Amino acid sequence: MKLFSLGARLALCASMVRQGTTLADVGTDHAYLPVWLALQGVIRSAIAVDIRPGPLERAKQNIAKFKVGEQVKARLSDGLDEVSPEEADDIVIAGMGGEMILNIVGRAAWLQNPEKNLILQPMTKEEELRRGLLELGFSVRQEQAVQEDYHVYTVMRCVYSPEWKPQNDALFPYIGLLTGDTPASRAYLEREKKRLKNYIRGLEASGDGSGASTLLELCEQLEAMLEEQQKERKP
Ligand SMILES: C[S@@+](CC[C@H](N)C(=O)[O-])C[C@H]1O[C@@H](n2cnc3c(N)ncnc32)[C@H](O)[C@@H]1O
């Protein structure tokens with residue numbers, strides 16, 4: 001049977017999953033990610049979790065179609081509520097809003113263990129997610145941006161490590177570890193710059209001059225990063 005292609009966004013998530021691990025894919029929908037990782041021989045086992053019976057049925061169909069039922073089990077669960085710590089060392093939560101991801105991570109206290117590897121791919125509210133992860137004691141060990149169908153997404157690999165601090169505290173909620181070193185990362189930084197500028201305009205209009213000037217400073221730092229990358233790209 002012909003192996004399907006994951007698409008750039010899920011492929012980046014897959015690249016951060018550790019070889020030989022036990023996986024939980026939360027919000028699995030079609031279960032493409034765990035099925036693909038099983039077929040590639042990356043994972044030992046996986047729980048493909050979804051909160052809705054419809055997507056879970058799709059997951060079951062794909063698990064059967066690609067004959068990976070020994071390794072990949074589908075399970076109805078709200079977040080990680082029905083998954084036990086012994087069942088998953090790598091946890092992927094992809095294709096959901098940042099606030100939902102944060103809620104799922106915050107509810108599973110067993111993730112607060114440096115052995116667990118979290119791979120998070122928010123569709124929205126990345127700023128809230130990064131702030132919340134820091135508050136919960138998670139470090140971002142790796143972050144990469146990816147473009148798919150004219151959208152730019154970020155994927156972050158997080159580990160519990162409460163002593164960790166980002167290098168640039170102030171910019172971190174907006175751009176995480178991204179530096180503009182790839183076309184996707186530059187596109188992400190440009191998007192955040194635009195968003196910050198809109199936000200600044202709103203603050204100015206509401207008379208919050210000090211809030212606006214703090215964000216203006218961050219915007220200038222972002223511009224400087226982008227210019228630096230531009231210079232490095234020129235011969
Ligand atoms: C847009 S799909 C993402 C599918 C896949 N992870 C991806 O990135 O392509 C989001 C899925 O998350 C599921 N979902 C939403 N909230 C959830 C929760 N609290 N726990 C488990 N699954 C959830 C939805 O039912 C849906 O199937």
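Please read all numbers here as calculations on a predicted model, not as lab measurements. Just so it is clear, the values below take in all heavy atoms, side chains as well, and ignore hydrogens, waters and symmetry mates. Start at 1 and go down the list; that is how both ligands and their atoms are numbered.
- Looking at Thr28 next to ligand 1, no N or O pair under 3.5 Å apart turns up.
- At the top of the distance list for atom 9 (O) of ligand 1, counting protein heavy atoms only, stands Arg9 NH2, 2.8 Å.
- Between Lys73 and Glu87 no salt bridge is recorded (no basic side-chain N to carboxylate O distance below 4.0 Å).
- The N/O atoms of Ala94, backbone and side chain alike, include one that comes under 3.5 Å of an N/O atom in ligand 1.
- For ligand 1, the atoms lying closer than 4.0 Å to a non-hydrogen atom of Gly79 are 18 (C), 19 (N), 20 (N), 21 (C).
- At a heavy-atom distance under 4.0 Å, no atom of Cys13 approaches ligand 1.
- Once rounded to the nearest 0.5 Å, the distance linking CD1 of Ile175 with CG of Leu218 reads 9.5 Å.
- Within the structure, ligand 1 has His30 among the residues with a heavy atom less than 4.0 angstrom away.
- Going from atom CD1 of Ile63 over to atom CG of Leu56 covers 7.5 Å, rounded to the nearest 0.5 Å.
- Annotation for Phe138 and Val105: closest pair CE1-CG1, 3.7 Å, computed over non-hydrogen atoms.
- Comment: Arg201 does not engage Glu204 in a salt bridge, judged by the lack of any side-chain N to carboxylate O separation of less than 4.0 angstrom.
- A salt bridge does not link Glu227 with Lys231: none of the charged nitrogens is closer than 4.0 Å to a carboxylate oxygen.
- Nearest protein neighbour of atom 23 (C) of ligand 1, counting heavy atoms only, is Ile51 CG2, 3.4 Å.
- When each atom of ligand 1 is checked for a heavy atom of Ser77 under 4.0 Å away, the hits are 20 (N), 21 (C).
- Of the listed residues (Gly27, Gly97, Pro55, Ala31), the one carrying the non-hydrogen atom nearest atom 5 (C) of ligand 1 is Gly27.
- A donor-acceptor contact under 3.5 angstrom links the side chains of Tyr188 and Glu126, judged on distance only.
- Atom CE of Met96 sits about 11.0 Å away from atom CE of Met123, to the nearest 0.5 Å.
- Distances from atom 19 (N) of ligand 1 to the heavy atoms of Asp78, Val49, Leu10, Val26 put Asp78 nearest.
- Annotation: Met96 places no N or O atom under 3.5 Å from an N or O atom of ligand 1; distance criterion only.
- In terms of protein heavy-atom proximity, atom 1 (C) of ligand 1 is nearest to Gly95 O, 3.4 Å.
- Two residues are said to be in side-chain contact when any heavy atoms from C-beta on lie closer than 4.5 Å; Thr28 and Val49 fail this criterion.
- Nearest protein heavy-atom neighbour of atom 27 (O) of ligand 1: Asp50 OD2, 2.7 Å.
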